[in-house]
Structure formats: structure tokens, C-alpha cells
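What you are looking at is a predicted structure, and each value in this text was computed from that prediction instead of being measured. Whatever order the structure lists them in is the order used to number ligands and atoms, beginning at 1.
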Amino acid sequence: MPRRPGRYASSSVAGLFADAAGGEALASGIHLWRGVLDERAYLDGIAVIAAAAPFRSMMTPGGRPMSVAMSNCGALGWISDAAGYRYSTLDPASGRPWPAIPEAWLADAARLATGSGYPDFRPDACLINRYAVGARMTAHQDRNEADFSQPIVSLSLGLPATFAFHGPSRTGRATTVELASGDALVWGGEARLFYHAVRPVRAGSHPLAGAFRYNITMRRAAHQ
Ligand code: SIN
Ligand code: FE2
């Protein structure tokens with residue numbers, strides 16, 4: 001897992017993940033890993049996936065377009081339309097299976113999950129969110145998966161964003177964390193069903209991603 005130059009400059013990559021305490025525990029079940037991702041490689045990977053499964057604005061079950069554009073890779077892709085939120089083996093835009101999750105992403109997800117205390121993580125779903133300036137995600141739970149013993153591994157690239165954990169209730173007081181490009185957030189256990197949100201992305205320009213924020217969320221959607 002190559003790291004962002006200038007951060008963790010003196011620690012080897014293996015060393016970073018050999019220590020389970022290398023991530024910062026924000027709360028029970030929630031681990032933040034700062035600056036651990038190879039940003040350029042991830043953004044290149046996103047471009048390859050988006051060439052096969054282009055970003056699109058999905059409709060909420062209530063009929064409103066989401067401000068975040070989405071694509072997927074993996075055996076199962078998360079979709080939303082008038083029929084509801086669910087996982088699908090096929091991209092509804094093309095009728096074809098989603099592209100595979102890149103091996104390097106799976107390797108990073110396994111190391112991050114293991115380092116956060118979730119050694120058995122085997123994702124089969126990878127949602128890619130693209131936030132233009134002003135796009136946001138209102139408070140929700142990730143609960144379309146079959147097995148909540150599996151954690152969520154969430155990777156941030158491009159423009160920074162404020163991520164909010166509301167806890168077990170949608171209206172719970174939020175704890176916020178600033179996520180920068182190259183950061184990874186892992187949550188599971190008692191936090192697995194916590195409500196969470198992303199505040200509107202602020203205007204800016206990232207040297208590699210321009211005026212966008214990307215988020216890659218790897219999850220286990222089906223039973224193992
Ligand atoms: C989500 O909850 O699906 C989005 C998380 C993020 O963009 O950081
Ligand atoms: Fe989510």
C-alpha cells in the first residue's frame with residue numbers, strides 16, 4: 001500500500017499495518033487511517049471502472065436524483081431507483097455485470113480491515129461515489145447487506161469532506177471527522193449500523209482529482 005509522500009515518511013508500509021493500533025480509533029468500532037492510500041493509483045483505477053460503468057445520478061425511491069454520482073465494481077453493485085435500495089449483479093445502465101474490484105483494492109481493504117480488528121473481511125461489493133462541489137449524502141445507515149458482522153471500508157480521494165457519525169439514531173448528535181485524499185475509514189462492530197452523512201463538499205481543486213471528491217466503499221453484501 002504505497003503511501004502519500006511526506007506522510008508516514010519514516011515508516012515502512014508493512015510497519016504501518018503490522019501495528020493494529022496504527023489506525024486511530026475514533027470510537028468503539030471506528031478506525032481512521034490517515035494518508036495511507038496511493039491516490040494516483042486509485043484515481044487511475046476509478047477512471048478504468050468508470051469507462052466500463054459510467055458514473056450516473058441514481059434516483060431515490062421517492063423519485064429525486066441523488067446529488068452524488070455513482071458507479072460500482074464487484075459481484076454486487078448498490079443501486080437505487082423507484083423499486084428501492086438494493087444490490088444488483090448487473091449494471092442497469094448496460095445490462096452487463098459490473099467490472100471486477102481491482103486486486104490492489106481488495107488487498108488494501110483486507111489489510112485495513114485486519115488492522116482495524118476485522119480479520120475476516122471479504123468484500124463482494126464496491127460502490128464508487130463521485131461528489132461534485134456541493135454534493136452531499138444525508139444521514140443514513142448502510143443496511144442493505146446480509147451480514148452486519150462484516151465491516152465497511154471507506155476510502156477517500158480528491159477534495160476533502162466533512163464526514164459525520166450520528167450514532168444509532170438518525171437525529172443523534174454528530175461527531176465529525178475531516179477526511180482528506182488518501183484517508184481510509186473502517187467501521188464495524190457496534191458502529192456497523194451507525195447513521196452517517198457527508199456534508200456538502202466545499203469548492204476547491206485537488207491536484208489529481210480536480211473539483212471532485214471520490215469515495216470507494218467496500219462491503220460484504222451477500223452471505224459468505
Ligand atoms: C456513504 O456513506 O455511502 C458515503 C461515504 C463517503 O462518501 O465518505
Ligand atoms: Fe453509507
- Query: To which protein heavy atom is atom 7 (O) of ligand 1 closest, and what is the distance rounded to 0.1 Å?
  - Reply: Y131 OH, 2.5 Å
- In degrees, rounded to 10 degrees, what angle do D142 atom OD1 and H196 atom NE2 make at the Fe ion (ligand 2)?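 Vertex the Fe ion (ligand 2), arms to OD1 of D142 and NE2 of H196: 90°.
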- With distance as the sole criterion, is a donor-acceptor pair present between the side chains of H196 and H140 under 3.5 Å?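 Yes, because at least one side-chain N or O of H196 sits under 3.5 Å from a partner of the opposite role on H140.
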Can an N or O of [X] be found at a distance shorter than 3.5 Å from an N or O of ligand 1?
| X | value |
| --- | --- |
| H140 | yes |
| T217 | no |
| N215 | yes |

- Message: What I want to find out is whether R96 reaches D91 closely enough, with some N-O distance under 4.0 Å, to be called a salt bridge.
- Response: no
List ligand 1 atoms under 4.0 Å from [X], heavy atoms only on the residue side.
| X | value |
| --- | --- |
| H196 | 2 (O) |
| R213 | 6 (C), 7 (O), 8 (O) |
| V198 | 5 (C), 6 (C), 7 (O), 8 (O) |

- Decide whether a cation-pi geometry holds between R130 and F212; the criteria are a distance under 6.0 Å from NZ or CZ to the six-membered ring centre and an angle within 45° of the ring axis.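 Yes, a cation-pi geometry.
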- Is the NZ or CZ atom of R213 both under 6.0 Å from the centre of the six-membered ring of Y131 and within 45° of that ring's axis?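 Here R213 passes the 6.0 Å and 45° test against Y131.
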- Residue pair L157 / G182: nearest heavy atoms and the distance that separates them: CD1-N, 4.2 Å
- Item | Residue R136 excluded, over 12 heavy atoms near CZ under 6.0 Å | no
